[in-house]
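Just so you know, these numbers use all the heavy atoms, side chains as well, and skip hydrogens, waters and symmetry mates.
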Amino acid sequence: MNAPADSLLDIRARLRAFASERDWDQFHTPKNLAMALSVEVAELVEHYQWLPTGADGELDEAKRTGIRHELADVLMYLVRLADKSGVDLHGAVLEKMALNAQKYPAQQVRGDARKYSAY
């Protein structure tokens, strides 16, 4: 299945409709969505807990499925939170990448994982 030209907008529209059909909009406050997002991230992390690196060779099919589903949950709550907070995720990512490019000039930080304040 091919993604629409703007898949984030498609996901946002589908999530709006899903919540509306269930009268859940009243519960989807930014605070509640941020908390739910945090829980879903923790559930994603559980799949990697105690693995040496989490590389593909360390995962069986059940783990891969669980990871895929938790990633979907994380994305859905993130998109819903951005929608309820009036944040254009695409624009926010572009803005943040430009800031990160200034903080981490490629020629200075290549191969070094330290935080920008360590340079």
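One distance of note links CG of L71 with CZ of R68; it measures 10.0 Å at 0.5 Å rounding. Atom CG in L59 sits 6.0 Å away from atom OH in Y48 (nearest 0.5 Å). Between the CG atom of D83 and the CG atom of D88 there is a distance of 11.0 Å, given to the nearest 0.5 Å. Separation of atoms CG (D6) and CZ (R12) is listed at 8.5 Å; rounding is to 0.5 Å.
Taking both residues in full, the closest heavy atoms of H47 and E43 are given as CD2-O, 3.3 Å, listed atom of the first, atom of the second, then distance. The minimum heavy-atom distance between A36 and Y77, with the atom names listed, is CB-CE2, 3.4 Å. Pairing each heavy atom of A82 with each of L89, the nearest pair is CB-CG, 3.5 Å. Contact detail for Q26 and D23: the closest heavy-atom pair is NE2-O, 2.9 Å. Nearest heavy-atom pair across V87 and A92 is CG1-CB, 4.1 Å. The nearest pair of heavy atoms linking L15 to M76 is CD1-O, 3.3 Å.
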Distance-only donor-acceptor hits, side chain of residues 96-108, under 3.5 Å, sequence neighbours excluded:
from	atom 1	to	atom 2	distance (Å)
Y104	OH	Y116	N	3.2

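For S85 (side chain) and L81 (main-chain N/O), a donor-acceptor pair under 3.5 Å exists by modelled atom type.
With sequence neighbours excluded, the residues that form a ring-ring contact (aromatic ring centres under 6.0 Å, His included) with F18 are W24. Among residues two or more places apart in sequence or in another chain, the side-chain hydrogen bond (donor to acceptor under 3.5 Å, both in side chains) test is passed with R114 by D112.
Other residues, nucleotides and ligands place no more than 12 heavy atoms under 6.0 Å from the NE2 atom of H90.
Within the 4.5 Å cutoff, no side-chain heavy atoms of V45 are placed close to those of E70. For the pair D73 and L44, the minimum side-chain heavy-atom distance is 4.5 Å or more.
Note on L33 and L8: same hydrophobic cluster, where clusters join Ile, Leu, Val, Met, Phe, Trp and Tyr whose side-chain heavy atoms are under 4.5 Å apart, directly or indirectly. Residues M35 and F27 do not share a hydrophobic cluster, clusters being chains of Ile/Leu/Val/Met/Phe/Trp/Tyr side chains in contact below 4.5 Å.
Using a 4.0 Å cut-off between charged nitrogen and carboxylate oxygen, K63 and D60 do not count as a salt-bridge pair.
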R14/I11 under side chain to side chain contact (heavy atoms under 4.5 Å, CB included): CA gap, chis, key distance, verdict: CA-CA 5 Å; R14 290 172 186 267; I11 291 168; 5.7 Å; no

